[in-house]
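Residue numbers begin at 1 in each chain, while the letters A, B, ... track the order of the sequences.
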Number of protein chains: 2
Amino acid sequence: MKEKMDLSIMDMGRMMQELFRVFKKRIESEENAEVKLSSEQFSLLHALSLKEEEVIQKDMAEMMGKDKSAVLRIIDCLEEKGLVRRVAAMEDRRKNYLMVTKAGYRAIDLYMVIVYELVKELRDGLSQEDVDTFHKVVNQIRCNAIKL
Amino acid sequence: MKEKMDLSIMDMGRMMQELFRVFKKRIESEENAEVKLSSEQFSLLHALSLKEEEVIQKDMAEMMGKDKSAVLRIIDCLEEKGLVRRVAAMEDRRKNYLMVTKAGYRAIDLYMVIVYELVKELRDGLSQEDVDTFHKVVNQIRCNAIKL
DNA sequence: AAAATTAGTTGTATTTGTCAACTAATAAAC
DNA sequence: GTTTATTAGTTGACAAATACAACTAATTTT
């Protein structure tokens, strides 16, 4: 029984990996954007756009669960593409506030169209109730994961 | 409404990313193993161990949704660590059957203990019914993804 | 004032992934 | 049987992401 459960879990892991691959491929095959983004770049840009308060790099690293230097590297790319600006905080010059530029918001809008299309395709055949449960489970699992 | 759904989807995406990071960190921080494995190496080794028929690299690439050269790289590592053997097929010398070694099975057993522990922690607070629905949804989404 | 902590940066190494080109083996076509 | 096309794996080059340690400058704590 335990063994059966474990197998099932690894199977699910592989399924989720497939989702990410599809997402990644879809994002990275976009050719109409002013700037090309990798899936990780887009994810961070999007997450940043949702924050209502000013955030610094360290905040994004924590939020995304990434190493600070990993975040720095991605922000470097986004800044170079003109989608994000670092603005030194006046009260503490070590801190950089991260701001999404106009071009950044345009890129987000464009890539969100892609995401929306993909999501529509992926949820074909699923009831709203199933999706809600899925969401609930993912949320609970994430809460558990954060405790680790 | 559409916008709200999209945000929710990106949010879920981030949650699932977090799961993978936790899994990856757990796997890669194992220090008692004879050999250290990355999460991708372990995943492929485990998937291979489940196959009841002999499989070749191409099969694994398809099954894992990876590029053939990506699979080759991982198998190179696993073979070098002595966990997997390539055995040329007698009926077609282009094909390599992939066989898990004794050490390979030992490694799987050890890492599965880790996975089991992690899963227990992650599913805390979830009913079996929720987990089953989650599984069903993931399965359906994957079927949809394969069609893309 | 000195020591400790913090935010970001840099360097290095590793892993994984993509894609194209290639080789050798096999299958298909003629 | 010969030629052409396809296949399985390999190689090379490049890119992205990640980890970790060490570092610098700014700030906080002692």
For this session: Starting at atom NZ of B:Lys36, determine the distance to atom P of C:dT15, rounded to an integer number of angstrom.
Result: 11 Å

Using atom names, set out every protein N or O paired with an N or O of nucleotides 23-27 of chain C below 3.5 Å, distance rounded to 0.1 Å.
residue	atom	partner	partner atom	Å
C:dA25	N3	B:Arg94	NH1	3.3
C:dT26	OP1	B:Arg93	N	2.7

For this session: Measure the distance from CZ on A:Arg21 to C1' on C:dT18 and round it to the nearest whole Å.
Result: 13 Å

Exercise. Taking all atoms of both residues into account, what is the closest heavy-atom pair of A:Phe23 and A:Val115, and its distance?
Worked result: CE1-CG2, 4.0 Å

Exercise. Could you state the CD-P distance from B:Glu40 to D:dT18, rounded to the nearest angstrom?
Worked result: 12 Å

For this session: Measure from CG on A:Leu44 to C1' on D:dT18 and round the result to the nearest Å.
Result: 14 Å

Problem set entry | Working for side chain to side chain contact (heavy atoms under 4.5 Å, CB included), residues A:Met112 and A:Phe42 | CA-CA 10 Å; A:Met112 283 312 297; A:Phe42 170 63; 3.6 Å; yes

Problem set entry | Protein-nucleotide distance (B:Tyr97, atom OH; D:dA8, atom C1'), rounded to Å | 12 Å

Problem set entry | NZ/NE/NH1/NH2 to OD/OE distance under 4.0 Å, A:Arg86 and A:Asp76 | yes

Exercise. When you check the gap from the basic side-chain N to the acidic O, do A:Glu40 and A:Lys66 get nearer than 4.0 Å?
Worked result: yes

Exercise. Base, sugar-phosphate, or nothing for B:Gln41, non-hydrogen atoms under 4.0 angstrom?
Worked result: sugar-phosphate

Problem set entry | Residue A:Gln128 excluded, over 12 heavy atoms near CD under 6.0 Å | yes

Problem set entry | Atom-to-atom span, CG of A:Leu78 to C1' of D:dA17 - whole angstrom | 13 Å

For this session: Return the residues of residues 65-77 of chain B meeting this criterion: a heavy atom under 4.0 Å from some atom of DNA chain D. Order them by number, or give none.
Result: B:Lys68, B:Ser69, B:Leu72, B:Arg73

Exercise. Between the main-chain N or O of A:Gln57 and the side-chain N or O of A:Lys68, is there a donor-acceptor pair closer than 3.5 Å?
Worked result: no

Problem set entry | Atom-to-atom span, NZ of A:Lys25 to P of C:dT16 - whole angstrom | 18 Å

Problem set entry | Shortest non-hydrogen contact from B:Gly65 toward A:Glu18 | CA-OE1, 4.5 Å

For this session: Considering non-hydrogen atoms only, spot the tightest contact between A:Asp124 and B:Asn144 and give its length.
Result: O-ND2, 2.9 Å

Problem set entry | A:Arg26/A:Glu121 salt bridge by N-O under 4.0 Å criterion | yes

For this session: Round to a whole Å and report the spacing from CD of B:Gln57 to P of D:dT11.
Result: 11 Å

